[in-house]
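All remarks here apply to the structure that follows.
Remember, it's a predicted structure, so these values are computed and weren't measured experimentally.
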Amino acid sequence: MGMYLNPGCSRFKTIRNDIYVDKTNLIAFINDLIDKPKPLVCFSRPRRFGKSFAASMLCAYYDRSCDSRFLFEGLDISKTGDFERFLNQYNVISFDVTGFIKVSGNRKMNPLERMQNTLFRELKEAFPDCIDDEEEDLATALYSVVSGGNARFVFIIDEWDALFREFKDDVQLQENYILFLRNIFKNQDTTEATIAAAYMTGILPIKKYGTESALSDFKEFTMADPLTLSQYVGFTEADVQELCEAYHVSFDEMKQWYDGYTFDDEKSVYSPNSVMSAVKFRRFRNYWSQSESFESLKRYIDENFDGLKDAIIMMLGGQRIPIDISTFQNDITSFKNKDDVLTLLIHLGYLAYDRPKRESFIPNQEVAEIFRSTTKGGKWRPVERAIERAENLLDATIRQDSETVARLLEVVHEECTSVLKYNDENSLACVIYIAYYTAGNYYMVVRELAAGKGYADYAFIPGQGTDKPAMIVELKYDKNADTAIRQIHDNRYGGVLKEYFGNLRRQPGFMPLNGAAIIFCLKKALIFLYNRRPFGRRYHFPML
């Protein structure tokens, strides 16, 4: 047993001693690739999404130097037909690339050379009779070990893309690294005889040169398209519901804070680290720490590279942005347009991606807080001011102060004119979301909520522990308040909030001003309309 060669199962044992969500069917997926052509997988996803946990689990299962059966008893993998067949049957080489960067002494030593030398040394120490003293090629040494009657190898590489992120300008180092991996996994004469399976995980997908993958033999699963592995990207809704029930945590608040990633096979995927932190600490908050990669992108956002800042503001306002992910070269330097930057943000987990619709959006309240922090500074001052007013606006709404509500909404729309270029319902929706930005601290804010016979433009559903009223927002462009009132009544929108209030009816004497109107206010429910026309500012709607 070494540090990288057959490291045992101690890391996974530690994981199993904590709160654990069963993701062992990922092992069954890898097992199904063994003894088939090209059993090579690269599964990229963001930090805090369980990459290292999965790597430790795979290492514990395949490592022949330990008996890890007890760690998998009762888990999903133990119920499969191939569980015993592959359990602890292989030599495992498992390493985290960032470890070689850290020990390279502030980058004074080439981390790739350290990686090659360290792996070769451990291999030679473990199998001295199989490897010639003159041998220096790792792939050849692996083949010699297996040819000598030893078990084949399973490679598990964590943070595989770290060299591309940490040495983003060192093109030669990156190319040498790709050649190193190709030498191990692309030699048709020796790979199938030597490598039983390989699992790489990291943040970025495999580097592309033009339209070609640098490691074309690997099957790729990414945040843009995880294919059949979507249930292993993070926690599924079923996983989170089970945790919430077991530990008596609010599922609704968990969903508001950490849900939002959506894939073809899994419509709701949650950030695992955040969910686990909320369960352990009994507190919903932002558990992300901004990555160095995100910090490096702030310059592109602040400078509005190809309209990037405008797109971010629209997404802060609850909108979705069309995006073409095909031009992204899977690195953090080759940006041709804003879509490349947005695609990187998808892989970093700061944006979600709706593949069928080809749209990007901010997934949840936790990530929205990260983007909110980018609004600090001169070029973002109008948006920052709008967000700063949000608490006052919410308070004025609940107090039925229609004059203040009208004035603040008008100011937000005026200040964001450079971004909100159209006076349509999408533009109005963006105004509402930004203007009531801090409402997310008290509400689950739902866009296009199914209500009665139609869809309410926005529903503000109170979270646990808040005494604030429920609210519905109905948006109309170039229509009057009566139109919205009729739609609310005819489509029976009030029913969606029936658990938050009694019979909903109009409250007389609440005067709408300056293009904003509070339509309903009774007991614990509010429904209001924001109506902004392209020209003019003051309108006289009928008394309600």
Q. Have Asp259 and Ser268 got a donor and an acceptor in their side chains that come within less than 3.5 Å?
A. yes

Q. Which class fits the ring pair Tyr177 and Phe180: parallel under 30°, tilted 30 to 60°, perpendicular over 60°?
A. parallel

Q.
Going by the rule side-chain contact (heavy atoms from CB on, under 4.5 Å), which residues pair with Pro128 if we only count those two or more places apart in sequence or in a different chain?
A. none

Q) What residues, two or more places apart in sequence or in another chain, satisfy ring-ring contact (aromatic ring centres under 6.0 Å, His included) together with Tyr353? A) none

**Q.** Name of the residue among Tyr350, Trp257, Tyr258 meeting ring-ring contact (aromatic ring centres under 6.0 Å, His included) with Trp288
**A.** Tyr350

Q: Rounded to the nearest 0.5 Å, what's the gap from CG on Leu119 to CG on Leu142? Could you check?
A: 9.0 Å

**Q.** Separation between NZ of Lys23 and CE of Met57, rounded to the nearest 0.5 Å
**A.** 10.0 Å

Q. So, Asn6 versus Asn91: side-chain donor-acceptor pair below 3.5 Å or not?
A. yes

Q: Hey, could you give me each pair passing side-chain hydrogen bond (donor to acceptor under 3.5 Å, both in side chains) that has a residue in residues 226-235? Not counting sequence neighbours.
A: none

Q: Before giving the answer on ring-ring contact (aromatic ring centres under 6.0 Å, His included), spell out for Tyr62 and Phe155 the whole-Å C-alpha distance, their side-chain angles and the decisive distance to 0.1 Å.
A: CA-CA 10 Å; Tyr62 290 114; Phe155 268 77; over 10 Å; no

Q) In chain order, what residues pass the ring-ring contact (aromatic ring centres under 6.0 Å, His included) check against Phe251, with sequence neighbours excluded? A) none

Q: Kindly write out the residues that satisfy salt bridge (Lys or Arg N to Asp or Glu O under 4.0 Å) with Glu237, not counting sequence neighbours, or none if the list is empty.
A: Lys255

Q: Under the ring-ring contact (aromatic ring centres under 6.0 Å, His included) rule, what do Phe218 and Phe185 come out as? Steps first, then yes or no, please.
A: CA-CA 9 Å; Phe218 275 80; Phe185 300 118; 5.3 Å; yes

Q. Around Lys13, counting heavy atoms of other residues, nucleotides and ligands shown, do more than 12 lie under 6.0 Å from its NZ?
A. no

Q) Centres of the Phe49 and Phe235 rings: under 6.0 Å? A) no

**Q.** For Lys79, salt bridge (Lys or Arg N to Asp or Glu O under 4.0 Å) partners two or more places apart
**A.** none

Q) Does one side chain, of Asp82 or Thr80, offer a donor that lies under 3.5 Å from an acceptor on the other? A) no

Q: Would you please name every residue forming a side-chain contact (heavy atoms from CB on, under 4.5 Å) with Ala238, sequence neighbours left out?
A: Thr236

Q: Return the set of residues passing ring-ring contact (aromatic ring centres under 6.0 Å, His included) with Phe72 (not counting sequence neighbours), or none when no residue passes.
A: Phe12, Tyr61

Q) Does Phe335 have any ring-ring contact (aromatic ring centres under 6.0 Å, His included) partners at least two apart in sequence or in another chain, and if so, which? A) Tyr300

**Q.** Listed once per pair and sorted, the salt bridge (charged side-chain N to carboxylate O under 4.0 Å, His left out) pairs that draw on residues 266-289, sequence neighbours left out
**A.** Asp18-Lys280

Q: Could you tell me which residues satisfy salt bridge (Lys or Arg N to Asp or Glu O under 4.0 Å) with Asp137, sequence neighbours excluded, listed by chain and number?
A: none

Q. Excluding sequence neighbours, so at least two apart, what forms salt bridge (Lys or Arg N to Asp or Glu O under 4.0 Å) with Lys207?
A. Asp331

Q. Of the non-hydrogen atoms in Ala352 and Ile346, which two are nearest, and what is the gap between them?
A. O-CG1, 4.3 Å

**Q.** Heavy atoms from other residues, nucleotides or ligands near CZ of Phe29 exceed 12 (cutoff 6.0 Å)
**A.** yes

(Q) Rounded to the nearest 0.5 Å, what separates atom OG in Ser360 from atom CG in Asp339? (A) 8.0 Å

